[in-house]
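Data block below; observations after.
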Amino acid sequence: MPTNQDLAAIFEQISHLLELTGADKFRVNAHARAARAIADCSTDLMSIAHDRAALMAIDGIGPRIADKIREFAETGSIKEHQDLLKEVPSGLLEVLAVPGLGPKTVRVLWKEKQVKSLDDLKRIIADGSIMELPRMGEKTVQNIRESISFMEQSSGRMPLGMAMPIAESVLERLRAVKGVHAADFAGSLRRGRETIGDLDFVAASDDPKSVHAVFTAMPEVEKVLASGESKCSVRLKVQGRRIQADLRVVPPESYGAALLYFTGSKEHNVRLRERALRMGLTLNEYGLFPLDDAPTPPQARGVRAVAGKTEESVYQHLGLSVVPPELREDRGEVSDGWQPPKLVELKLIRAELHAHTSASDGTLSIDQLAEMAEKRGFHTIAVTDHSQSSTLANGLKPERLRAHIRSIREAAERHKRITILAGAEVDIHADGTLDYDDELLAELDIVVASPHASLRQDPALATRRLVAAVSHPLVHMLGHATGRLLGRREGLHPDIKAVAEAAAAHRTALEVNANWLRLDLCDVHVRTALEAGGENALIAIDCDVHHPADFDQLRFGVMTARRGGLPADRCVNCWTARKLHAWLKSKR
DNA sequence: GCCGTTTTCGGCCCGACTGTTTTCAGTCG
């Protein structure tokens, strides 16, 4: 059964193929927008494909796209897509993916030089015949050559958890530059997306040159891609991985507008600008200005901005609530009356409910775990080592678990300022049964049930498996529901809506595993779970601690949960000790 | 192809930078 992601990929491809045929750019954009809407949609579109009105209710999907979705659901393909694939060589899509090559150029390469693939492109670069094309000089060709090599060496987008420390290290240096009032990272990193295309930085200074100088001279800069009056772009090489980084320096009075602009998303910005126009204003990265007919930008003519020093001022002048960065994705947040939910925040987390010790595959002792959790201001830490089936992870047989429970109770006596829960991360077998019997499970304060094996299971089976687990009366939480590993393993494709409904009915929490390789549930799943579970939906955010540094993964889980719109009061880790413990006991 | 405080047609955000041009097209975010 195809997923929304599969469908989104097809519409994205249609949009690229249309671009290459030279189609109307608004039509191209409409398909790209539909692809995003589909990828972000929390309802499984295959299940409502017959309902044209329901499809068209989704922003960005009109009558034509709705028909194509139904066609896909009924026949397994879309004729327009197939026709485009016959017309346009599919190898051109990888040529289009080369940084610096856009649809116009790729089309010329195709029509004039019969380039149909990346290999063809390399060939006409090697034999020099690419130079016969218009606007192709030495530098352009050299840039294309380097872009191809960059693309071949980098494996696409960088995981959030890998990008964050790089960004913070750069930021530290930018903030130290004399004359810099403020600096932040922006872009998809600030929005907390699970993968990052490039790093964006914004700095406030009246002396852009000195900031640029520091930025371009950093030791990890491999190449300066662009360097102008107000922005510059470099390619970084850090621990063998390459990533592009862009810096924009603006005067302090424009800082908020620039941060807003560079944080995006692009679609969110477009909505803001459209709204500004309707209000007789124009928004750019320097501020919000009165609209006039002059051809030059307002800031260049000394026009005074009505807002721009802070992001808040811009939203306020547009009559909007301030939108948290994680929710700036054009999902209706730019509209009258929209109010942000009281989102979960890192500082509100008071408990870690998924942690391993050296009894299974962790490196910490129970005491060390407790001390580290206490130092973070937590009122509760759950010790949840692996169950017997996870042999590779040194999972505990029942007799070892019983001894472990005794050790945990003893440790609890030594640590009076934090509650140490005796728990387990129990394997969910492929058929939905659990890895310990009920009698043993009942001895535990907390049971986290997680899938670890059979992760290529059929979606319908996976759904039944997870529904069975969350419906089990002794289970408190479903750990990393899909078992995916970012860029390494797809994991299960369960019907999250069904799992979330069952979980809510049994007051079982669904975990957002904060490990940046997992981020599982993902943002879309969190939103699905909240919608499906309603008032009873419970979400946990846990670090799945194996090593001391794992506690620091929490922020990635929080960002992911915020992207899913998780309010703090639905997050069990934010609850008071009394409320959390009462919920746990209610299942005993 | 979508959408509506410009509403069933006619719009659809805005600016910076590069390279190849002699005034701007293409790309990017």
Side-chain angles (χ1 to χ4, degrees), chain A residues 11 14-15 18-19 23-37 55-69 80 96-109 131 133-144 147 186-189 191 196-202 208 212 224-233 244-250 254 257-258 260-289 291 295-300 319 330 334-336:
Chain A
F11 277 101
I14 291 177
S15 127
L18 282 172
E19 235 178 348
D24 171 61
K25 64 175 176 168
F26 296 110
R27 204 173 141 225
V28 170
N29 190 37
H31 282 84
R33 184 153 174 247
R36 283 190 304 272
L55 291 175
M56 285 174 60
I58 298 165
D59 219 16
I61 295 181
R64 311 285 295 272
I65 304 262
D67 286 344
K68 288 176 208 176
I69 293 173
E80 184 188 10
L96 188 59
V98 175
L101 291 186
K104 297 263 168 56
T105 313
V106 175
R107 204 173 141 75
V108 171
L109 289 167
M131 301 283 288
L133 294 172
R135 308 190 65 82
M136 280 292 169
E138 287 286 349
K139 291 186 97 162
T140 303
V141 174
Q142 180 55 24
N143 285 340
I144 296 173
S147 286
S188 50
L189 185 64
R191 301 201 312 280
I196 308 302
D198 49 34
L199 303 175
D200 298 307
F201 298 93
V202 186
H212 284 169
V224 178
L225 301 167
S227 182
E229 282 292 304
S230 66
K231 67 184 273 194
C232 63
S233 212
Q244 185 175 322
D246 302 326
L247 168 67
R248 188 68 177 256
V249 184
V250 296
S254 295
L260 187 63
Y261 157 81
F262 239 20
T263 297
S265 66
K266 192 179 166 189
E267 294 73 29
H268 179 83
N269 289 345
V270 169
R271 289 281 168 252
L272 292 180
R273 287 170 180 186
E274 285 173 353
R275 186 178 175 93
L277 283 180
R278 285 201 302 274
M279 296 173 73
L281 299 164
T282 177
L283 175 65
N284 61 30
E285 56 267 52
Y286 295 98
L288 187 62
F289 298 89
L291 189 61
T296 50
Q299 71 278 0
D330 186 27
V334 183
S335 52
D336 290 323

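Since the model is a prediction, treat every value here as computed from it, not as a measurement. These numbers come from the heavy atoms of this one structure, side chains and all, not from hydrogens, waters or symmetry mates. Order of the sequence lines sets the chain letters (A, B, ...), proteins ahead of strands, with each chain counted from 1.
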In Å, rounded to the nearest 0.5 Å, how long is the span from [atom1] of [X] to [atom2] of [Y]?
{"X": "A:Ser254", "Y": "A:Asn284", "atom1": "OG", "atom2": "CG", "value": "8.0 Å"}
{"X": "A:Asp59", "Y": "A:Arg33", "atom1": "CG", "atom2": "CZ", "value": "5.0 Å"}
{"X": "A:Glu285", "Y": "A:Gln299", "atom1": "CD", "atom2": "CD", "value": "7.0 Å"}

Nearest to side-chain heavy atoms of [X], which nucleotide of [options]:
{"X": "A:Asp59", "options": "B:dG1, B:dC3, B:dC2", "result": "B:dC3"}
{"X": "A:Glu229", "options": "B:dC17, B:dG15, B:dG1", "result": "B:dC17"}
{"X": "A:Ala226", "options": "B:dC3, B:dG1, B:dT18", "result": "B:dT18"}
{"X": "A:Pro63", "options": "B:dC13, B:dC2, B:dA16", "result": "B:dC2"}
{"X": "A:Pro298", "options": "B:dG15, B:dG29, B:dC2", "result": "B:dG15"}
{"X": "A:Asp200", "options": "B:dC3, B:dG29, B:dG1", "result": "B:dG29"}
{"X": "A:Lys266", "options": "B:dG1, B:dC24, B:dC13", "result": "B:dC13"}
{"X": "A:Lys139", "options": "B:dG19, B:dT27, B:dC13", "result": "B:dG19"}
{"X": "A:Arg135", "options": "B:dT18, B:dA25, B:dC13", "result": "B:dA25"}
{"X": "A:Asp198", "options": "B:dT27, B:dG29, B:dC2", "result": "B:dG29"}

Under a 3.5 Å cut-off for both contacts, is B:dT8 paired Watson-Crick or G-U wobble with anything, and if yes, with which nucleotide?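 None - no nucleotide pairs with B:dT8, as no candidate has both distances under 3.5 Å.
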Taking only N and O in the side chain of [X], is any of them less than 4.0 Å away from OP1 or OP2 of [N]?
{"X": "A:Lys231", "N": "B:dC28", "answer": "no"}
{"X": "A:Asn143", "N": "B:dG19", "answer": "yes"}
{"X": "A:Thr105", "N": "B:dA25", "answer": "no"}
{"X": "A:Arg27", "N": "B:dG1", "answer": "yes"}
{"X": "A:Thr140", "N": "B:dT20", "answer": "yes"}
{"X": "A:Thr282", "N": "B:dC13", "answer": "no"}

When all nucleic acid strands are considered with a 4.0 Å heavy-atom cut-off, which category describes [X]: base, sugar-phosphate, or nothing?
{"X": "A:Ser233", "result": "nothing"}
{"X": "A:Pro99", "result": "sugar-phosphate"}
{"X": "A:Gly264", "result": "nothing"}
{"X": "A:Asn29", "result": "nothing"}
{"X": "A:Asp24", "result": "base"}
{"X": "A:Arg271", "result": "nothing"}
{"X": "A:Arg64", "result": "sugar-phosphate"}
{"X": "A:Ile61", "result": "sugar-phosphate"}

Which whole number of Å gives the distance between the [atom1] atom of [N] and that of [M]?
{"N": "B:dT27", "M": "B:dT21", "atom1": "P", "value": "15 Å"}
{"N": "B:dC13", "M": "B:dG29", "atom1": "C1'", "value": "12 Å"}
{"N": "B:dG1", "M": "B:dT8", "atom1": "C1'", "value": "14 Å"}
{"N": "B:dT5", "M": "B:dC12", "atom1": "P", "value": "15 Å"}
{"N": "B:dT6", "M": "B:dG11", "atom1": "C1'", "value": "8 Å"}
{"N": "B:dT20", "M": "B:dC24", "atom1": "C1'", "value": "9 Å"}
{"N": "B:dA16", "M": "B:dG10", "atom1": "C1'", "value": "29 Å"}
{"N": "B:dC17", "M": "B:dT23", "atom1": "C1'", "value": "16 Å"}

Please determine whether a side-chain nitrogen of the Lys or Arg among A:Asp200 and A:Arg248 lies less than 4.0 Å from a carboxylate oxygen of the Asp or Glu.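 Salt bridge absent between A:Asp200 and A:Arg248.
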Would you mind telling me which residue lines up with the more 5' stretch of DNA chain B, A:Thr296 or A:Gln244, judged by nearest nucleotide?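 Mapping each residue to its closest nucleotide by heavy atoms, the 5'-most match is A:Thr296.
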Identify, between A:Asn269 and A:Arg278, the residue whose nearest nucleotide on DNA chain B lies closer to the 5' end.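 Looking at DNA chain B, the more 5' nearest nucleotide goes with A:Arg278.
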Would you say [X] and [Y] make side-chain contact, with heavy atoms under 4.5 Å?
{"X": "A:Arg275", "Y": "A:Leu283", "result": "no"}
{"X": "A:Leu272", "Y": "A:Leu260", "result": "yes"}
{"X": "A:Leu18", "Y": "A:Glu80", "result": "yes"}

Atom of A:Ser15, atom of A:His31 and distance for their closest heavy-atom approach: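 Between these two residues, the closest heavy atoms are CB-CB, 3.7 Å.
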Between B:dG15 and A:Tyr286, counting only base atoms on the nucleotide and side-chain atoms on the residue, is there a donor-acceptor pair under 3.5 Å?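 Not at all, since no donor on one side and acceptor on the other fall under 3.5 Å apart.
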Base of B:dC2 and ring of A:Phe26 stacked, centres under 5.5 Å, planes under 30°: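 Aromatic stack with B:dC2 absent for A:Phe26.
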